[in-house]
*Asks:* 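Please see the structure below; I have some questions.
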Amino acid sequence: MERVAAIDIAKASGMVCMRLPHASRAGRRTQEVWNVSATTNGILELGDRLVCQGVTRVVMEATGAYWKPFFFLLEVRGLECWLVNAREVKNVPGRPKTDKLDAVWLAKLTERGMLRPSFVPPKPVRQLRDLTRMRTVLIREQARHKQRVEKILEDAQIKLSSVATDIFGVSGRAMIEALIAGQRDPRAPAELARGNMVVKKATLAEALTGQFEDHHGFLCRTLLDTIDYLAGQIESLTARTAAALRELPCPDADGNPRPGSGPDLVAKLVSISGVGTRTAQVLLAELGPDMRVFPTPDHLVSWAKFAPRTIQSGGKNTSGPTGKGNPWLKNAVGEAALSASRSRTFLGARYKRIVKRRGRKRALVAVGHSLLVIVWHLLNDPETPYTDLGADYHQHLIDPDRRTRDLVRQLKALGHDVTLAPAA
């Protein structure tokens, strides 16, 4: 690259290094380093200056959320912006660590073509990401408040969670509301049991016998109101996410954007074993609908960190950890893999085959690997439906005669005489 610029970004400013060919001396380069404000006007003025100098690429490190104003505003000015992983562009040891030297180092790596850009999705996908990530945060916060309610009940010697599977179901919530309202006779809240809980009234009365006081009632009331408020916010985010999916431009078979096909892609992803509606929305938000960013399924799996690293030393090959990837994507794929491992499908059979010799964690990573490969094919070709291979897929790959010979040889090695007779 002949005309490049690099920015070392901080919260309130950015150190810019611009490297250009020398005006009169062939093979030489000029370098200019200056500091700019991280305000909108300051970044737009920087963009105009870089455009006037003919800069073709601007590179910056991913520094928290401070890179976003520089990236998006310079992108509007028509500049090619690259976001790079800070771990991959660390300065060499022994050199001083300053903002100016970091910017110069980043510019030199850029002009030599030694960097690769990170995946920054387009604006509609980024907005969809914001919605799904905020919903995930609120769901986790709601779960924490529910755990706090259970802790208060345990403090009051109320063992409702030992009898009811979900203390926030219809029956459990009614019993907690009765306790908060001042009902201290344990048999009265037990009469509020519904459904399968009706047969447990005697056990519930025993579990509801405790020292529940007005102090516990005040704390539970505060937490329940917060839980209800969070539930309303989660429903609002879910509706906004569905609306954003309807407006999401998805590429067709020819690569042309086709608005309104987001719900169709979600329906296709839901057909995968273990993938629910929310998980499908998270997958679409984190990956985007355009798989041209990932040329092959292996690129996607490697980017998501669901492929263990191979380490070779001294002629020995060992597998290293998968590494840190997108945490939102890894959580969604991990939950889907865990759900699929309990099903009678191809993914469930794959988990059962691997878990016996590799352990539970590695088996879940392998299932997540296969799940991402499936997702890539479904998003890459919108016309391709998902067809499960079946739980007995691996059985069809076994040669019956060879399997029979192996088992007979094992029995003979144990000292048995084997005589086989065809089944009737």
Side-chain angles (χ1 to χ4, degrees), residues 125 128-129 132-133 135-136 139-140 143 165-166 234 238 241-242 245 248 250 261-291 293-294 296-308 322 325-398:
V125 179
L128 183 60
R129 273 187 176 185
T132 56
R133 290 181 178 184
R135 182 177 61 184
T136 301
I139 290 175
R140 292 174 181 173
T165 304
D166 182 13
I234 292 170
T238 300
T241 300
L245 282 169
L248 183 67
C250 304
S261 57
D264 297 335
L265 293 180
V266 171
K268 287 183 63 177
L269 296 178
V270 169
S271 64
I272 305 174
S273 175
V275 177
T277 302
R278 286 182 177 176
T279 302
Q281 293 173 349
V282 172
L283 290 174
L284 198 57
E286 298 300 331
L287 301 177
D290 191 358
M291 286 295 102
V293 180
F294 308 103
T296 65
D298 293 337
H299 284 81
L300 172 58
V301 172
S302 177
W303 176 80
K305 303 301 182 183
F306 270 83
T322 56
N326 184 328
W328 310 94
L329 177 62
K330 295 192 76 170
N331 289 337
V333 175
E335 291 178 2
L338 182 61
S339 178
S341 66
R342 303 166 182 167
S343 62
R344 295 182 58 84
T345 59
F346 167 77
L347 294 176
R350 177 168 174 75
Y351 173 83
K352 294 178 179 64
R353 283 168 57 87
I354 298 176
V355 71
K356 293 183 291 186
R357 66 180 189 275
R358 299 291 290 169
R360 180 172 177 269
K361 293 183 178 180
R362 288 184 172 89
L364 287 176
V365 171
V367 174
H369 183 128
S370 300
L371 194 145
L372 283 174
V373 172
I374 296 171
V375 169
W376 185 90
H377 284 286
L378 292 180
L379 296 181
N380 187 59
D381 187 0
E383 305 300 328
T384 301
Y386 173 67
T387 303
D388 185 68
L389 297 176
D392 58 345
Y393 171 77
H394 297 96
Q395 299 297 328
H396 298 316
L397 304 179
I398 299 175

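For clarity, every value in this text was computed on a predicted model and none was experimentally measured. Atoms considered below: every heavy atom in the structure, side chains included; atoms not considered: hydrogens, waters and symmetry mates.
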*Asks:* Rounded to the nearest 0.5 Å, what separates atom OG1 in T241 from atom CZ in R129?
*Replies:*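 One gets 14.0 Å once the value is rounded to the nearest 0.5 Å.
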*Asks:* Inspect the surroundings of CZ in R133 and state if more than 12 heavy atoms from other residues, nucleotides or ligands are less than 6.0 Å away.
*Replies:*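 Check passes, neighbour count above 12.
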*Asks:* Starting at CG of L248, measure out to CG of D264 and round the result to the nearest 0.5 Å.
*Replies:*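 CG of D264 is found 11.5 Å from CG of L248.
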*Asks:* Can you tell me how far apart OH (Y393) and CZ (R353) are? Round to the nearest 0.5 Å.
*Replies:*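 The distance works out to 10.0 Å.
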*Asks:* With side chains defined as the heavy atoms from C-beta onward, is the minimum distance between V125 and P289 less than 4.5 Å?
*Replies:*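 Counting from C-beta outward, V125 and P289 do come under 4.5 Å.
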*Asks:* Which atom pair, heavy atoms only, marks the closest approach of L379 to G288?
*Replies:*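 So the two residues come closest at CD1-O, 3.9 Å.
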*Asks:* Do you know the tightest heavy-atom contact between L371 and S273?
*Replies:*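 Looks like CD1-O, 4.4 Å.
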*Asks:* Which of these, R360, R342, K356, sits in a side-chain contact (heavy atoms from CB on, under 4.5 Å) with Y351?
*Replies:*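 Answer after filtering R360, R342, K356: R360.
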*Asks:* Once rounded to the nearest 0.5 Å, what's the spacing between atom CG of L329 and atom CG of L372?
*Replies:*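 If I round to the nearest 0.5 Å, the distance is 6.0 Å.
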*Asks:* With no hydrogens and no angle check, is any side-chain donor or acceptor of D392 less than 3.5 Å from a backbone partner on Q395?
*Replies:*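 Between the backbone of Q395 and the side chain of D392 there is no qualifying donor-acceptor contact (under 3.5 Å).
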*Asks:* Would you indicate whether the side-chain heavy atoms of T136 and W328 approach each other to under 4.5 Å?
*Replies:*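 Side chain of W328 against side chain of T136, heavy atoms only: contact under 4.5 Å found.
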*Asks:* Walk me through it: do L300 and F306 pass the test side-chain contact (heavy atoms from CB on, under 4.5 Å)?
*Replies:* CA-CA 9 Å; L300 172 58; F306 270 83; over 6 Å; no
*Asks:* Apply the side-chain contact (heavy atoms from CB on, under 4.5 Å) test between V375 and each candidate in L269, V301, N380, L284; give the one that qualifies.
*Replies:*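 Exactly one option meets the side-chain contact (heavy atoms from CB on, under 4.5 Å) with V375, and it is L269.
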*Asks:* Does either side chain, that of H299 or that of T296, offer a donor lying less than 3.5 Å from an acceptor on the other one?
*Replies:*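 Yes, because at least one side-chain N or O of H299 sits under 3.5 Å from a partner of the opposite role on T296.
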*Asks:* List the atom of A340, the atom of T345, and the distance in Å for their closest heavy-atom pair.
*Replies:*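 Minimum heavy-atom separation between A340 and T345: O-OG1, 4.2 Å.
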*Asks:* Ignoring hydrogens, what is the shortest heavy-atom contact between K352 and S341? Give both atom names and the distance.
*Replies:*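 In this case the closest contact between K352 and S341 is NZ-O, 3.2 Å.
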*Asks:* Quick check against the 3.5 Å criterion: does S339 have a side-chain atom that pairs as donor or acceptor with the backbone of E335?
*Replies:*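 Looks like no, no N/O pair under 3.5 Å.
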*Asks:* Any side-chain heavy atom of T238 within less than 4.5 Å of one from T277?
*Replies:*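 The answer is no; the side chains never approach within 4.5 Å.
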*Asks:* What distance separates K268 NZ from L378 CG, expressed to the nearest 0.5 Å?
*Replies:*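 Result: 5.0 Å between the selected atoms.
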*Asks:* Run L245 and L265 through side-chain contact (heavy atoms from CB on, under 4.5 Å) and show every step you take.
*Replies:* CA-CA 9 Å; L245 282 169; L265 293 180; over 6 Å; no
*Asks:* Under a 3.5 Å distance rule, please check whether N331 uses its side chain to pair with a backbone N or O of P327 as donor and acceptor.
*Replies:*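 Yes, N331 side chain to P327 backbone: donor-acceptor pair under 3.5 Å.
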*Asks:* Testing the basics here: between A332 and V282, what is the closest heavy-atom pair and its distance to 0.1 Å?
*Replies:*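 That closest heavy-atom pairing would be CB-CG1, 3.7 Å.
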*Asks:* Can a donor-acceptor pair be found, under 3.5 Å and without considering hydrogens, that links the side chain of R135 to the backbone of I234?
*Replies:*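 Not at all, since once roles are kept as given, no pair shorter than 3.5 Å links the two residues.
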*Asks:* Between OG of S370 and CG of L389, what distance do you get to the nearest 0.5 Å?
*Replies:*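 Here the rounded value is 10.0 Å.
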*Asks:* Would you check if the distance from the ring center of F294 to the ring center of W376 is below 6.0 Å?
*Replies:*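 Judged by ring-centre distance (under 6.0 Å), F294 and W376 do not meet the cut-off.
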